[in-house]
Amino acid sequence: MKPAPLDHVRATGLDHAIETLVAAGEDAKILAGGQSLVPLLAMRLAQPTTLVDLGGLRELDYIRDDGDTLEIGAMTRSRTVETSPVVAGAVPLLPAALRYVGHVTIRNRGTIGGSAAHADPAAEVPSVLRALDAELIASGPRGPRTIAARDFFDSFLLTTLEPDEILTAIRIPRQPSGSVVAVEEFARRHGDFALVAVLGAAHIDSSGRIAEVRISIAGAAPTPVRADAAERLLVGRTPTPELVRAAAAAASDATDPGSDIHAPADYRRTLATVLTRRCLTRLVADTERTEAA
Amino acid sequence: MSTPTRTGRNVSMTVNGEAVDRHVDPRRTLSDFLRKDCGATGVHVGCEHGVCGACTVLLDGRTARSCCTLAVQAEGSEITTVEGLADGGELHPLQEAFWKHHGLQCGFCTPGILLTVTELLAGNPDPTDDEIREGISGNICRCTGYQFIVDAVRDAAEILRGTGTGTGTGTGTDPTR
Ligand SMILES: Cc1cc2nc3c(=O)[nH]c(=O)nc-3n(C[C@H](O)[C@H](O)[C@H](O)COP(=O)(O)OP(=O)(O)OC[C@H]3O[C@@H](n4cnc5c(N)ncnc54)[C@H](O)[C@@H]3O)c2cc1C
Ligand code: FES
Ligand code: FES
(Lines give C-alpha, C1' and ligand atoms only; values in the text may rest on other atoms or scores of the structure.)
(Ligands and ions follow the chains in the order given, each with its own letter.)
Protein backbone atom coordinates (compact mmCIF):
# COMPACT_ATOMS: atom_id res chain seq x y z
CA MET A 1 0.00 0.00 0.00
CA LYS A 2 1.84 3.07 -1.15
CA PRO A 3 -0.19 6.07 0.06
CA ALA A 4 -0.06 6.94 3.76
CA PRO A 5 -3.19 6.15 5.79
CA LEU A 6 -6.02 8.59 5.24
CA ASP A 7 -9.71 9.10 5.68
CA HIS A 8 -12.03 9.44 2.74
CA VAL A 9 -15.29 11.31 2.65
CA ARG A 10 -17.50 11.13 -0.40
CA ALA A 11 -19.18 14.52 -0.51
CA THR A 12 -22.93 14.38 -1.01
CA GLY A 13 -23.27 18.04 -1.99
CA LEU A 14 -21.21 21.21 -2.24
CA ASP A 15 -22.18 22.34 1.27
CA HIS A 16 -21.26 18.96 2.69
CA ALA A 17 -17.90 19.15 0.91
CA ILE A 18 -17.16 22.59 2.36
CA GLU A 19 -18.26 21.53 5.87
CA THR A 20 -16.02 18.47 5.69
CA LEU A 21 -13.07 20.54 4.49
CA VAL A 22 -13.51 23.03 7.30
CA ALA A 23 -13.93 20.28 9.91
CA ALA A 24 -10.89 18.33 8.70
CA GLY A 25 -8.63 21.39 8.81
CA GLU A 26 -5.45 22.21 6.91
CA ASP A 27 -4.39 18.61 6.27
CA ALA A 28 -7.46 17.80 4.21
CA LYS A 29 -7.25 17.62 0.44
CA ILE A 30 -9.86 17.76 -2.28
CA LEU A 31 -9.97 14.74 -4.57
CA ALA A 32 -11.33 15.29 -8.08
CA GLY A 33 -10.24 12.87 -10.83
CA GLY A 34 -7.15 11.82 -8.90
CA GLN A 35 -4.89 11.86 -11.98
CA SER A 36 -2.41 14.18 -10.30
CA LEU A 37 -3.25 13.62 -6.66
CA VAL A 38 -3.22 9.80 -6.50
CA PRO A 39 0.34 9.59 -7.96
CA LEU A 40 1.39 12.24 -5.41
CA LEU A 41 -0.17 10.11 -2.65
CA ALA A 42 1.63 7.01 -3.94
CA MET A 43 4.96 8.84 -3.84
CA ARG A 44 3.98 10.29 -0.45
CA LEU A 45 4.67 13.76 -1.77
CA ALA A 46 1.19 14.48 -0.42
CA GLN A 47 0.07 12.97 2.88
CA PRO A 48 -3.35 14.43 3.63
CA THR A 49 -5.24 13.09 6.62
CA THR A 50 -8.59 13.38 4.87
CA LEU A 51 -9.63 13.28 1.23
CA VAL A 52 -12.81 15.13 0.39
CA ASP A 53 -13.99 13.33 -2.73
CA LEU A 54 -16.02 15.48 -5.13
CA GLY A 55 -16.63 12.47 -7.42
CA GLY A 56 -20.33 12.25 -6.62
CA LEU A 57 -21.13 15.93 -7.17
CA ARG A 58 -23.18 15.86 -10.38
CA GLU A 59 -24.02 19.53 -9.74
CA LEU A 60 -20.41 20.38 -10.68
CA ASP A 61 -20.51 18.37 -13.91
CA TYR A 62 -21.97 20.57 -16.64
CA ILE A 63 -21.21 22.69 -19.70
CA ARG A 64 -23.42 25.74 -20.08
CA ASP A 65 -23.44 28.21 -22.94
CA ASP A 66 -24.51 31.60 -21.57
CA GLY A 67 -24.05 33.42 -24.88
CA ASP A 68 -21.16 35.75 -24.09
CA THR A 69 -19.53 33.24 -21.79
CA LEU A 70 -19.19 29.50 -21.49
CA GLU A 71 -19.39 28.05 -18.00
CA ILE A 72 -17.95 24.63 -17.20
CA GLY A 73 -18.46 22.88 -13.86
CA ALA A 74 -15.22 21.99 -12.09
CA MET A 75 -15.98 18.25 -12.05
CA THR A 76 -16.53 18.00 -15.79
CA ARG A 77 -14.07 15.44 -17.16
CA SER A 78 -11.45 16.77 -19.55
CA ARG A 79 -12.47 14.29 -22.25
CA THR A 80 -16.09 15.47 -22.03
CA VAL A 81 -14.96 19.07 -22.50
CA GLU A 82 -12.61 18.13 -25.33
CA THR A 83 -15.33 16.35 -27.31
CA SER A 84 -18.18 18.80 -26.66
CA PRO A 85 -19.47 20.61 -29.77
CA VAL A 86 -20.71 23.43 -27.51
CA VAL A 87 -17.17 24.02 -26.22
CA ALA A 88 -15.67 23.75 -29.70
CA GLY A 89 -18.11 26.40 -30.95
CA ALA A 90 -17.59 28.87 -28.11
CA VAL A 91 -13.93 28.53 -27.12
CA PRO A 92 -12.07 26.46 -29.74
CA LEU A 93 -8.72 27.03 -28.01
CA LEU A 94 -9.78 24.78 -25.12
CA PRO A 95 -10.33 21.51 -27.03
CA ALA A 96 -7.26 22.25 -29.17
CA ALA A 97 -5.20 22.43 -25.97
CA LEU A 98 -6.85 19.49 -24.19
CA ARG A 99 -5.69 17.14 -26.93
CA TYR A 100 -2.17 17.63 -25.52
CA VAL A 101 -3.14 16.74 -21.94
CA GLY A 102 -1.73 13.28 -21.24
CA HIS A 103 -3.64 10.58 -23.09
CA VAL A 104 -7.33 9.82 -23.61
CA THR A 105 -7.22 7.53 -20.55
CA ILE A 106 -5.96 10.39 -18.37
CA ARG A 107 -8.54 12.80 -19.80
CA ASN A 108 -11.36 10.30 -19.19
CA ARG A 109 -10.77 10.71 -15.45
CA GLY A 110 -9.06 14.08 -14.99
CA THR A 111 -11.34 17.07 -14.51
CA ILE A 112 -11.14 20.60 -15.85
CA GLY A 113 -11.29 21.95 -12.28
CA GLY A 114 -8.52 19.60 -11.15
CA SER A 115 -6.27 20.76 -13.99
CA ALA A 116 -6.86 24.41 -13.03
CA ALA A 117 -6.51 23.89 -9.27
CA HIS A 118 -3.40 21.73 -9.62
CA ALA A 119 -1.74 24.76 -11.30
CA ASP A 120 1.12 22.92 -12.93
CA PRO A 121 2.93 25.65 -14.90
CA ALA A 122 3.49 23.22 -17.78
CA ALA A 123 -0.20 22.27 -17.94
CA GLU A 124 -2.31 23.39 -20.88
CA VAL A 125 -5.59 24.29 -19.16
CA PRO A 126 -4.16 27.07 -16.94
CA SER A 127 -2.59 28.61 -20.05
CA VAL A 128 -5.93 28.54 -21.89
CA LEU A 129 -7.60 30.25 -18.93
CA ARG A 130 -4.89 32.94 -18.92
CA ALA A 131 -5.04 33.45 -22.69
CA LEU A 132 -8.81 33.85 -22.78
CA ASP A 133 -9.14 35.95 -19.57
CA ALA A 134 -11.29 33.34 -17.88
CA GLU A 135 -12.77 33.66 -14.42
CA LEU A 136 -12.66 30.97 -11.77
CA ILE A 137 -15.52 30.58 -9.33
CA ALA A 138 -14.78 29.27 -5.86
CA SER A 139 -16.97 28.50 -2.89
CA GLY A 140 -16.06 28.27 0.77
CA PRO A 141 -17.41 28.90 4.24
CA ARG A 142 -17.44 32.65 3.44
CA GLY A 143 -19.57 32.13 0.34
CA PRO A 144 -18.75 32.17 -3.37
CA ARG A 145 -16.24 34.47 -5.05
CA THR A 146 -14.95 35.04 -8.55
CA ILE A 147 -11.22 35.17 -9.28
CA ALA A 148 -9.71 36.39 -12.55
CA ALA A 149 -7.30 33.87 -14.10
CA ARG A 150 -4.59 36.54 -13.89
CA ASP A 151 -4.94 36.50 -10.09
CA PHE A 152 -5.53 32.76 -9.68
CA PHE A 153 -2.18 31.21 -10.53
CA ASP A 154 0.25 32.14 -7.81
CA SER A 155 3.33 29.99 -8.22
CA PHE A 156 4.46 26.44 -8.98
CA LEU A 157 1.44 24.23 -8.04
CA LEU A 158 -0.01 27.08 -6.00
CA THR A 159 -3.18 29.07 -6.51
CA THR A 160 -4.81 31.85 -4.53
CA LEU A 161 -7.61 29.48 -3.41
CA GLU A 162 -7.89 29.27 0.37
CA PRO A 163 -7.45 25.75 1.83
CA ASP A 164 -11.17 25.61 2.66
CA GLU A 165 -12.30 26.80 -0.77
CA ILE A 166 -13.50 24.61 -3.61
CA LEU A 167 -13.25 25.59 -7.23
CA THR A 168 -16.77 25.09 -8.57
CA ALA A 169 -16.65 26.38 -12.14
CA ILE A 170 -14.66 28.20 -14.78
CA ARG A 171 -16.20 30.87 -16.94
CA ILE A 172 -14.61 31.63 -20.30
CA PRO A 173 -15.59 34.55 -22.56
CA ARG A 174 -16.71 33.34 -25.97
CA GLN A 175 -14.04 33.76 -28.66
CA PRO A 176 -15.10 36.06 -31.53
CA SER A 177 -16.55 34.14 -34.44
CA GLY A 178 -13.95 33.51 -37.13
CA SER A 179 -11.22 33.06 -34.50
CA VAL A 180 -8.32 30.83 -35.38
CA VAL A 181 -6.40 28.91 -32.73
CA ALA A 182 -3.08 27.10 -32.65
CA VAL A 183 -1.17 25.13 -30.03
CA GLU A 184 2.53 24.47 -30.51
CA GLU A 185 4.03 22.17 -27.96
CA PHE A 186 7.36 20.49 -27.46
CA ALA A 187 7.43 17.36 -25.30
CA ARG A 188 9.85 14.44 -25.32
CA ARG A 189 7.08 11.92 -25.90
CA HIS A 190 3.47 12.29 -27.01
CA GLY A 191 1.31 12.77 -23.92
CA ASP A 192 4.11 13.93 -21.64
CA PHE A 193 3.90 17.28 -19.94
CA ALA A 194 5.23 19.97 -22.27
CA LEU A 195 8.74 21.29 -21.90
CA VAL A 196 7.21 24.45 -23.35
CA ALA A 197 3.85 25.00 -25.04
CA VAL A 198 2.58 28.13 -26.76
CA LEU A 199 -1.17 28.60 -27.09
CA GLY A 200 -2.50 31.23 -29.45
CA ALA A 201 -5.81 32.58 -30.66
CA ALA A 202 -6.36 35.34 -33.18
CA HIS A 203 -9.02 37.14 -35.07
CA ILE A 204 -7.88 38.68 -38.32
CA ASP A 205 -10.23 41.14 -40.00
CA SER A 206 -11.25 41.23 -43.65
CA SER A 207 -8.46 43.66 -44.52
CA GLY A 208 -5.88 41.19 -43.19
CA ARG A 209 -5.13 43.12 -40.00
CA ILE A 210 -4.87 41.40 -36.64
CA ALA A 211 -7.97 42.60 -34.78
CA GLU A 212 -7.31 40.49 -31.70
CA VAL A 213 -4.58 38.12 -30.62
CA ARG A 214 -3.92 36.17 -27.44
CA ILE A 215 -0.74 34.28 -26.63
CA SER A 216 0.01 32.29 -23.52
CA ILE A 217 3.03 30.16 -22.69
CA ALA A 218 3.20 27.05 -20.50
CA GLY A 219 6.33 25.53 -18.99
CA ALA A 220 8.44 28.67 -19.05
CA ALA A 221 7.83 30.26 -15.62
CA PRO A 222 6.34 29.25 -12.24
CA THR A 223 2.90 30.20 -13.61
CA PRO A 224 1.45 30.38 -17.12
CA VAL A 225 2.74 33.47 -18.90
CA ARG A 226 0.54 35.80 -20.91
CA ALA A 227 2.64 37.43 -23.61
CA ASP A 228 1.01 40.89 -23.37
CA ALA A 229 3.89 42.81 -24.96
CA ALA A 230 3.92 40.50 -27.96
CA GLU A 231 0.15 40.88 -28.32
CA ARG A 232 0.51 44.70 -28.28
CA LEU A 233 3.09 44.53 -31.08
CA LEU A 234 0.68 42.55 -33.23
CA VAL A 235 -2.72 44.16 -32.72
CA GLY A 236 -3.84 46.41 -35.57
CA ARG A 237 -0.97 45.33 -37.80
CA THR A 238 -0.83 43.24 -40.93
CA PRO A 239 1.31 40.21 -40.16
CA THR A 240 4.69 39.90 -41.87
CA PRO A 241 7.52 37.47 -41.12
CA GLU A 242 9.50 40.32 -39.47
CA LEU A 243 6.56 41.24 -37.24
CA VAL A 244 6.08 37.60 -36.24
CA ARG A 245 9.78 37.32 -35.37
CA ALA A 246 9.65 40.48 -33.28
CA ALA A 247 6.56 39.23 -31.45
CA ALA A 248 8.20 35.85 -30.80
CA ALA A 249 11.20 37.61 -29.26
CA ALA A 250 8.90 39.73 -27.08
CA ALA A 251 7.00 36.63 -25.96
CA SER A 252 10.20 34.89 -24.97
CA ASP A 253 11.30 38.00 -23.01
CA ALA A 254 8.16 37.62 -20.87
CA THR A 255 9.16 34.13 -19.70
CA ASP A 256 11.10 33.29 -16.58
CA PRO A 257 12.03 29.63 -16.94
CA GLY A 258 13.95 27.57 -14.44
CA SER A 259 16.47 24.82 -15.12
CA ASP A 260 15.68 21.24 -14.18
CA ILE A 261 16.65 17.73 -15.24
CA HIS A 262 14.46 18.05 -18.33
CA ALA A 263 15.93 21.24 -19.79
CA PRO A 264 18.05 24.25 -18.88
CA ALA A 265 16.44 27.68 -18.72
CA ASP A 266 18.09 28.92 -21.92
CA TYR A 267 16.75 25.98 -23.84
CA ARG A 268 13.22 26.70 -22.65
CA ARG A 269 13.61 30.38 -23.56
CA THR A 270 14.67 29.39 -27.06
CA LEU A 271 11.73 27.00 -27.28
CA ALA A 272 9.41 29.85 -26.30
CA THR A 273 10.73 31.95 -29.20
CA VAL A 274 10.56 29.18 -31.78
CA LEU A 275 7.17 27.87 -30.69
CA THR A 276 5.63 31.37 -30.60
CA ARG A 277 6.89 31.99 -34.11
CA ARG A 278 5.38 28.69 -35.29
CA CYS A 279 2.14 29.36 -33.46
CA LEU A 280 1.73 32.83 -34.99
CA THR A 281 2.71 31.60 -38.44
CA ARG A 282 0.01 28.94 -38.21
CA LEU A 283 -2.59 31.45 -37.03
CA VAL A 284 -1.92 33.67 -40.01
CA ALA A 285 -1.81 30.76 -42.48
CA ASP A 286 -5.04 29.29 -41.09
CA THR A 287 -6.78 32.60 -41.57
CA GLU A 288 -5.68 32.78 -45.20
CA ARG A 289 -6.95 29.25 -45.72
CA THR A 290 -10.31 30.04 -44.09
CA GLU A 291 -10.76 33.11 -46.30
CA ALA A 292 -9.90 31.24 -49.47
CA ALA A 293 -12.43 28.55 -48.63
CA MET B 1 -22.49 14.26 7.86
CA SER B 2 -20.76 10.92 7.43
CA THR B 3 -17.96 10.23 9.87
CA PRO B 4 -14.63 9.51 8.29
CA THR B 5 -12.86 6.35 9.39
CA ARG B 6 -9.22 5.61 8.79
CA THR B 7 -9.93 1.94 9.29
CA GLY B 8 -11.90 1.32 6.18
CA ARG B 9 -15.18 1.50 4.40
CA ASN B 10 -17.36 -0.56 2.16
CA VAL B 11 -17.21 -0.32 -1.59
CA SER B 12 -19.36 -2.08 -4.10
CA MET B 13 -18.87 -2.27 -7.83
CA THR B 14 -19.26 -4.70 -10.68
CA VAL B 15 -16.08 -6.43 -11.82
CA ASN B 16 -16.34 -8.33 -15.10
CA GLY B 17 -20.08 -8.65 -14.66
CA GLU B 18 -19.93 -9.85 -11.08
CA ALA B 19 -21.09 -7.73 -8.16
CA VAL B 20 -18.38 -7.28 -5.53
CA ASP B 21 -18.78 -5.76 -2.10
CA ARG B 22 -15.66 -5.37 0.03
CA HIS B 23 -14.36 -3.56 3.05
CA VAL B 24 -11.31 -1.55 1.99
CA ASP B 25 -8.73 0.79 3.36
CA PRO B 26 -9.49 4.15 1.67
CA ARG B 27 -5.88 4.47 0.48
CA ARG B 28 -6.13 1.21 -1.52
CA THR B 29 -5.70 1.87 -5.21
CA LEU B 30 -8.15 0.32 -7.64
CA SER B 31 -5.26 -1.69 -9.11
CA ASP B 32 -4.42 -3.28 -5.76
CA PHE B 33 -8.11 -3.78 -5.07
CA LEU B 34 -8.67 -5.62 -8.35
CA ARG B 35 -5.54 -7.75 -8.00
CA LYS B 36 -5.64 -8.57 -4.33
CA ASP B 37 -9.28 -8.34 -3.33
CA CYS B 38 -10.89 -9.52 -6.57
CA GLY B 39 -8.25 -11.88 -7.93
CA ALA B 40 -8.04 -9.98 -11.22
CA THR B 41 -4.29 -10.43 -11.55
CA GLY B 42 -4.48 -9.54 -15.25
CA VAL B 43 -4.37 -5.96 -14.00
CA HIS B 44 -0.63 -5.37 -14.20
CA VAL B 45 1.13 -2.81 -12.10
CA GLY B 46 4.25 -1.16 -13.51
CA CYS B 47 5.03 2.43 -12.64
CA GLU B 48 2.15 3.12 -10.24
CA HIS B 49 2.02 6.76 -11.27
CA GLY B 50 0.11 6.83 -14.48
CA VAL B 51 2.78 6.72 -17.17
CA CYS B 52 3.12 3.09 -18.30
CA GLY B 53 -0.49 2.09 -18.95
CA ALA B 54 -0.09 -1.51 -17.72
CA CYS B 55 -2.87 -1.10 -15.15
CA THR B 56 -5.45 0.25 -17.62
CA VAL B 57 -8.99 -1.07 -17.09
CA LEU B 58 -12.41 -0.03 -18.37
CA LEU B 59 -14.44 1.95 -15.86
CA ASP B 60 -18.02 2.43 -17.02
CA GLY B 61 -16.87 1.64 -20.54
CA ARG B 62 -13.98 4.10 -20.62
CA THR B 63 -10.33 3.46 -19.96
CA ALA B 64 -8.91 4.46 -16.60
CA ARG B 65 -5.53 4.06 -14.96
CA SER B 66 -6.39 1.81 -12.02
CA CYS B 67 -3.16 2.89 -10.26
CA CYS B 68 -4.30 6.54 -10.35
CA THR B 69 -7.77 5.72 -9.06
CA LEU B 70 -8.61 4.79 -5.50
CA ALA B 71 -10.93 1.82 -5.04
CA VAL B 72 -13.34 4.10 -3.16
CA GLN B 73 -13.53 6.34 -6.24
CA ALA B 74 -14.88 3.42 -8.29
CA GLU B 75 -17.86 2.99 -5.97
CA GLY B 76 -20.90 1.94 -7.99
CA SER B 77 -19.04 1.59 -11.26
CA GLU B 78 -18.68 -1.22 -13.75
CA ILE B 79 -15.13 -2.43 -14.21
CA THR B 80 -13.82 -4.59 -17.03
CA THR B 81 -10.34 -6.08 -16.78
CA VAL B 82 -8.59 -8.25 -19.35
CA GLU B 83 -10.24 -11.25 -17.67
CA GLY B 84 -13.55 -9.91 -18.95
CA LEU B 85 -12.58 -9.83 -22.64
CA ALA B 86 -12.65 -13.51 -23.58
CA ASP B 87 -15.98 -15.28 -23.89
CA GLY B 88 -15.37 -18.39 -21.82
CA GLY B 89 -12.64 -20.33 -23.60
CA GLU B 90 -12.98 -18.23 -26.74
CA LEU B 91 -10.55 -15.34 -27.13
CA HIS B 92 -11.87 -11.91 -28.08
CA PRO B 93 -11.00 -11.14 -31.74
CA LEU B 94 -8.57 -8.53 -30.47
CA GLN B 95 -6.77 -11.12 -28.33
CA GLU B 96 -6.83 -13.53 -31.25
CA ALA B 97 -5.18 -10.89 -33.46
CA PHE B 98 -2.45 -10.21 -30.88
CA TRP B 99 -1.76 -13.92 -30.71
CA LYS B 100 -1.64 -14.28 -34.48
CA HIS B 101 0.58 -11.23 -35.09
CA HIS B 102 2.93 -11.77 -32.15
CA GLY B 103 1.62 -8.53 -30.63
CA LEU B 104 3.13 -9.60 -27.33
CA GLN B 105 6.28 -11.16 -26.01
CA CYS B 106 6.47 -11.07 -22.21
CA GLY B 107 2.84 -9.94 -22.05
CA PHE B 108 3.26 -7.45 -19.25
CA CYS B 109 1.85 -4.50 -21.23
CA THR B 110 -0.77 -6.59 -23.05
CA PRO B 111 -3.81 -6.32 -20.74
CA GLY B 112 -3.52 -2.53 -20.65
CA ILE B 113 -3.02 -2.31 -24.39
CA LEU B 114 -5.98 -4.60 -25.14
CA LEU B 115 -8.33 -2.46 -23.06
CA THR B 116 -6.93 0.78 -24.48
CA VAL B 117 -7.47 -0.54 -27.98
CA THR B 118 -10.99 -1.70 -27.08
CA GLU B 119 -11.87 1.92 -26.35
CA LEU B 120 -9.97 3.20 -29.40
CA LEU B 121 -11.83 0.88 -31.80
CA ALA B 122 -15.20 1.59 -30.18
CA GLY B 123 -14.75 5.27 -31.06
CA ASN B 124 -12.87 4.79 -34.33
CA PRO B 125 -13.53 1.41 -35.97
CA ASP B 126 -11.21 2.12 -38.91
CA PRO B 127 -8.12 3.88 -37.57
CA THR B 128 -5.08 4.73 -39.67
CA ASP B 129 -1.70 3.45 -38.51
CA ASP B 130 -0.94 6.93 -37.16
CA GLU B 131 -4.16 6.91 -35.16
CA ILE B 132 -3.35 3.46 -33.80
CA ARG B 133 0.10 4.66 -32.74
CA GLU B 134 -1.33 7.75 -31.11
CA GLY B 135 -4.00 5.61 -29.44
CA ILE B 136 -1.45 3.34 -27.77
CA SER B 137 1.06 6.12 -27.06
CA GLY B 138 0.21 6.02 -23.35
CA ASN B 139 1.11 2.34 -23.08
CA ILE B 140 4.73 1.37 -22.80
CA CYS B 141 5.92 -1.93 -24.27
CA ARG B 142 9.56 -2.85 -23.75
CA CYS B 143 9.51 -6.00 -25.88
CA THR B 144 7.79 -5.78 -29.21
CA GLY B 145 8.93 -2.50 -30.72
CA TYR B 146 5.20 -1.80 -31.27
CA GLN B 147 5.07 -2.74 -34.95
CA PHE B 148 3.45 -6.13 -34.32
CA ILE B 149 0.99 -4.45 -31.97
CA VAL B 150 0.00 -2.00 -34.71
CA ASP B 151 -0.37 -4.92 -37.14
CA ALA B 152 -2.58 -6.78 -34.68
CA VAL B 153 -4.78 -3.76 -34.03
CA ARG B 154 -5.21 -3.05 -37.74
CA ASP B 155 -6.18 -6.66 -38.37
CA ALA B 156 -8.52 -6.82 -35.39
CA ALA B 157 -10.22 -3.61 -36.51
CA GLU B 158 -10.90 -5.18 -39.88
CA ILE B 159 -12.36 -8.29 -38.31
CA LEU B 160 -14.48 -6.32 -35.87
CA ARG B 161 -15.81 -4.19 -38.73
CA GLY B 162 -16.78 -7.45 -40.38
CA THR B 163 -14.99 -6.55 -43.59
CA GLY B 164 -12.00 -8.79 -43.40
CA THR B 165 -10.99 -12.36 -42.97
CA GLY B 166 -8.13 -11.33 -40.78
CA THR B 167 -5.44 -12.47 -43.13
CA GLY B 168 -3.22 -9.44 -42.68
CA THR B 169 0.38 -10.36 -43.26
CA GLY B 170 1.97 -8.24 -40.62
CA THR B 171 4.49 -6.65 -42.91
CA GLY B 172 3.91 -3.26 -41.38
CA THR B 173 2.33 -1.71 -44.43
CA ASP B 174 -1.30 -0.86 -44.59
CA PRO B 175 -2.62 -1.78 -48.04
CA THR B 176 -5.66 0.44 -47.58
CA ARG B 177 -3.69 3.66 -47.23
C1 LIG C 1 0.59 10.13 -17.23
C2 LIG C 1 0.01 11.48 -16.99
C3 LIG C 1 0.24 12.48 -17.92
C4 LIG C 1 -0.31 13.75 -17.74
N5 LIG C 1 -0.03 14.70 -18.68
C6 LIG C 1 -0.55 15.92 -18.53
C7 LIG C 1 -0.30 16.94 -19.51
O8 LIG C 1 0.39 16.72 -20.51
N9 LIG C 1 -0.82 18.16 -19.29
C10 LIG C 1 -1.61 18.43 -18.20
O11 LIG C 1 -2.09 19.54 -18.07
N12 LIG C 1 -1.88 17.50 -17.27
C13 LIG C 1 -1.36 16.25 -17.41
N14 LIG C 1 -1.63 15.31 -16.46
C15 LIG C 1 -2.41 15.68 -15.28
C16 LIG C 1 -3.88 15.52 -15.52
O17 LIG C 1 -4.32 16.46 -16.46
C18 LIG C 1 -4.69 15.69 -14.23
O19 LIG C 1 -5.90 15.07 -14.46
C20 LIG C 1 -5.00 17.08 -13.77
O21 LIG C 1 -3.84 17.83 -13.64
C22 LIG C 1 -5.69 17.05 -12.41
O23 LIG C 1 -7.04 16.81 -12.54
P24 LIG C 1 -7.78 15.78 -11.59
O25 LIG C 1 -9.24 16.01 -11.78
O26 LIG C 1 -7.28 14.43 -11.83
O27 LIG C 1 -7.38 16.34 -10.14
P28 LIG C 1 -6.82 15.62 -8.85
O29 LIG C 1 -5.62 14.83 -9.17
O30 LIG C 1 -7.92 14.94 -8.15
O31 LIG C 1 -6.42 16.92 -8.01
C32 LIG C 1 -5.29 17.70 -8.36
C33 LIG C 1 -5.11 18.82 -7.34
O34 LIG C 1 -6.13 19.81 -7.48
C35 LIG C 1 -6.90 19.93 -6.28
N36 LIG C 1 -8.30 20.07 -6.71
C37 LIG C 1 -8.92 19.26 -7.62
N38 LIG C 1 -10.18 19.71 -7.84
C39 LIG C 1 -10.34 20.81 -7.07
C40 LIG C 1 -11.42 21.73 -6.89
N41 LIG C 1 -12.58 21.59 -7.55
N42 LIG C 1 -11.24 22.77 -6.03
C43 LIG C 1 -10.07 22.93 -5.36
N44 LIG C 1 -9.01 22.09 -5.51
C45 LIG C 1 -9.15 21.04 -6.35
C46 LIG C 1 -6.61 18.67 -5.50
O47 LIG C 1 -6.75 18.90 -4.11
C48 LIG C 1 -5.18 18.37 -5.89
O49 LIG C 1 -4.30 19.14 -5.15
C50 LIG C 1 -1.10 14.03 -16.61
C51 LIG C 1 -1.35 13.02 -15.67
C52 LIG C 1 -0.80 11.76 -15.85
C53 LIG C 1 -1.07 10.70 -14.83
S1 FES D 1 0.93 1.09 -13.26
FE2 FES D 1 -0.68 2.44 -13.73
S3 FES D 1 0.10 3.56 -15.37
FE4 FES D 1 1.83 2.38 -14.78
S1 FES E 1 5.22 -7.58 -24.46
FE2 FES E 1 6.68 -7.25 -22.91
S3 FES E 1 6.26 -5.22 -22.36
FE4 FES E 1 5.01 -5.45 -24.07
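Nothing here was measured: the structure is a model prediction, and the numbers come from that model. A, B, ... follow the sequence lines: proteins, then strands. Residue 1 opens every chain.
Using a distance-only test at 3.5 Å, with no hydrogens or angles considered, a donor-acceptor pair links the side chain of B:Arg9 to the main chain of A:His8. A:Gln35 contributes no side-chain N or O that, together with a main-chain N or O of B:Arg65, makes up a donor-acceptor pair within less than 3.5 Å. Judged purely by atom type and a 3.5 angstrom limit, A:Asn108 has no side-chain atom pairing as donor or acceptor with the backbone of B:Ala64.
Put simply, of B:Leu59, B:Thr56, B:Thr116, B:Val51, the one with the most heavy-atom pairs under 4.5 Å next to chain A is B:Leu59.
With a 4.5 Å cut-off on side-chain heavy atoms, B:Arg62 and A:Arg77 do not count as touching. In this structure the side chain of A:Leu41 never reaches within 4.5 angstrom of the side chain of B:His49, judged on heavy atoms. Between A:Arg189 and B:Ser137 the shortest side-chain heavy-atom distance does not fall below 4.5 Å. A:Arg10 has its side chain out of reach of B:Val72: every pair of non-hydrogen atoms, C-beta onward, lies at least 4.5 Å apart.
Taken from OG1 in B:Thr69 to CZ in A:Arg109, the straight-line distance is 5.0 Å, to the nearest 0.5 Å.
Checking each of A:His190, A:Arg99, A:His103 against B:Glu134 for a side-chain contact (heavy atoms from CB on, under 4.5 Å) leaves exactly one that passes, namely A:His190.
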Worksheet item: Passes side chain to side chain contact (heavy atoms under 4.5 Å, CB included), B:Asn139 versus A:Thr105? Steps please.
Response: CA-CA 10 Å; B:Asn139 295 71; A:Thr105 307; 5.7 Å; no
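Looking at A:Ala17, neither its backbone nor its side chain comes within 4.5 Å of chain B, counting heavy atoms on both sides. Neither the backbone nor the side chain of B:Leu30 comes within contact range of chain A; no heavy atoms are under 4.5 Å apart. Heavy atoms closer than 4.5 Å to chain B are found in the side chain of A:Ile106, but not in its backbone. Using a 4.5 Å cut-off between heavy atoms, A:Leu31 touches chain B through its side chain atoms alone.
Closest approach of B:Pro26 to A:Leu6, counting heavy atoms only: CG-O, 3.3 Å.
More than 12 heavy atoms of other residues, nucleotides or ligands lie within 6.0 Å of CG in B:Asn10, so this atom counts as buried by the packing criterion. Counting heavy atoms of neighbouring residues, nucleotides and ligands inside a 6.0 Å radius, atom NE2 of B:His102 does not exceed 12 of them. Within 6.0 Å of the CD atom in A:Glu71, the count of heavy atoms belonging to other residues, nucleotides or ligands exceeds 12.
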